[in-house]
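Chain letters run A, B, ... following the sequence lines, proteins first, then strands; residues in each count from 1. Below, each value reflects all heavy atoms present in this structure, side chains not excepted, and no hydrogens, waters or symmetry copies. Note that the coordinates shown come from a computational prediction; the quantities given were computed from them, not determined experimentally.
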2 protein chains.
Amino acid sequence: MLNNQTEPQAGDQELDGVFHALADPTRRAMLVRLCEGPATVSQLAEPFGMSLPGIVQHLQVLEASGLIRSEKIGRVRSCSVNPAAVRRAENWLGQRRTPGERRLDRLESFLDTQPPH
Amino acid sequence: MLNNQTEPQAGDQELDGVFHALADPTRRAMLVRLCEGPATVSQLAEPFGMSLPGIVQHLQVLEASGLIRSEKIGRVRSCSVNPAAVRRAENWLGQRRTPGERRLDRLESFLDTQPPH
DNA sequence: CTGATTGTTAAGCACATACTTAAGTATTCG
DNA sequence: CGAATACTTAAGTATGTGCTTAACAATCAG
């Protein structure tokens, strides 16, 4: 180790993209919509007062992050959530626990093993 | 409702800040460090090959998002995680489940109620 | 008081982001 | 075929982000 500094790790890049994609309210709203089921670009655009190209750019950010996938059939592009990417971001946050929180976690799981009354 | 468009909701702004703060690898590394316990600005800076002002700017982003808090005592600023903010972001992601995932969730919780064997 | 430590403020720069309008490309419908 | 539909591409613009260096506090230690 000639370099003592903290370097960005592999896997970090994925989180960069995922959290950046999530940092925009329009993109989060699209993700919420897609959790109800697949939708086309126009369907996703409909709730927003924004030009189509603007919408498409947001979709590109979401797709580049891995949070959604899309497939074009004929002239229609169908978009859907990639649950695995959402779960990875959720899990990263799940691991961010202080020692205090971890103690509470262990107490709770201990209590779960005790029969009621 | 004269406006049919989707407007950013209250509470969205908080998530904007939190996810934006999380989108940077340096800031995530700082958060990881702070989950082990409070630290000063210099201690947080030490692993990174970056100027102090750069570090302080990252800390300001983290604090503005609510993910961390800090207090200056004498000439030293002590920083610590705000677990509640981390949990809110985690919970938002936890709610992003497709109908398919929700079915699996229900199956698992049903199996948990069954005695083993 | 003097000087070292710890952090802060200000200014600037390169690059990224979030839009826009205008024009283009497939694909399907009549 | 010709027109409508559903995007796509390109280009431009205003604003934001992630750094930097230089200069400025404020506090503690001798």
Shorter than 3.5 Å, N or O on both sides, protein versus nucleotides 26-30 of chain D: list them out with atom names.
unit_1, atom_1, unit_2, atom_2, d
dT27(D), O2, R75(B), NH1, 3.0

Every protein N/O lying under 3.5 Å from an N/O of nucleotides 17-23 of chain C:
unit_1, atom_1, unit_2, atom_2, d
dA18(C), OP1, R27(A), NH2, 3.2
dA18(C), OP2, R27(A), NH1, 3.1
dC19(C), OP2, H58(A), NE2, 2.6
dC19(C), N4, Q57(A), OE1, 3.2
dC19(C), N4, Q57(A), NE2, 3.4
dT20(C), OP2, S51(A), N, 3.2
dT20(C), OP2, S51(A), OG, 2.6
dT20(C), O4, Q57(A), NE2, 3.2

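Nucleotide dG18(D) holds its C1' atom 14 Å from the CZ atom of F48(B), rounded to whole Å. Look at CD on E46(A): it is 13 Å from P on dA6(D), rounded to the nearest Å. In this structure, D16(B) atom CG and dT17(D) atom C1' are separated by 15 Å, rounded to whole Å. Distance R77(B) CZ to dA25(D) P: 17 Å, rounded to the nearest Å.
With 3.5 Å as the limit, one finds no donor-acceptor pair spanning the side chains of S80(A) and R69(A).
Residue pairs meeting the salt bridge (charged side-chain N to carboxylate O under 4.0 Å, His left out) criterion with at least one partner in residues 47-65 of chain A, sequence neighbours excluded, do not occur; the list is empty. Residues in residues 86-96 of chain A take part in these salt bridge (charged side-chain N to carboxylate O under 4.0 Å, His left out) pairs, two or more places apart or across chains: E14(A)-R88(A), R87(A)-E90(A), R87(A)-E101(B), E90(A)-R97(B).
Heavy atoms only, all atoms of each residue included: A45(A) and I55(A) are closest at CB-CG1, 3.7 Å. Considering every non-hydrogen atom in both T98(A) and P83(B), the closest pair reads CG2-CG, 4.1 Å.
Looking at residues two or more places apart in sequence or on another chain, you find a side-chain contact (heavy atoms from CB on, under 4.5 Å) between R33(A) and E36(A), A39(A), Q43(A), L44(A).
When atom types are taken as modelled, the side chain of N82(B) and the backbone of G66(B) share a donor-acceptor pair closer than 3.5 angstrom.
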Listed pairs under 3.5 Å, donor-acceptor, residues 17-31 of chain A side chains, sequence neighbours left out:
unit_1, atom_1, unit_2, atom_2, d
D24(A), OD1, T26(A), N, 2.8
D24(A), OD1, R27(A), N, 3.1
R27(A), NE, A21(A), O, 2.9
R27(A), NH1, H58(A), ND1, 3.1
R27(A), NH2, H20(A), O, 3.2
R28(A), NH1, L22(A), O, 2.7
R28(A), NH1, D16(B), OD1, 3.0
R28(A), NH2, D12(B), O, 2.9
R28(A), NH2, D16(B), OD1, 2.7

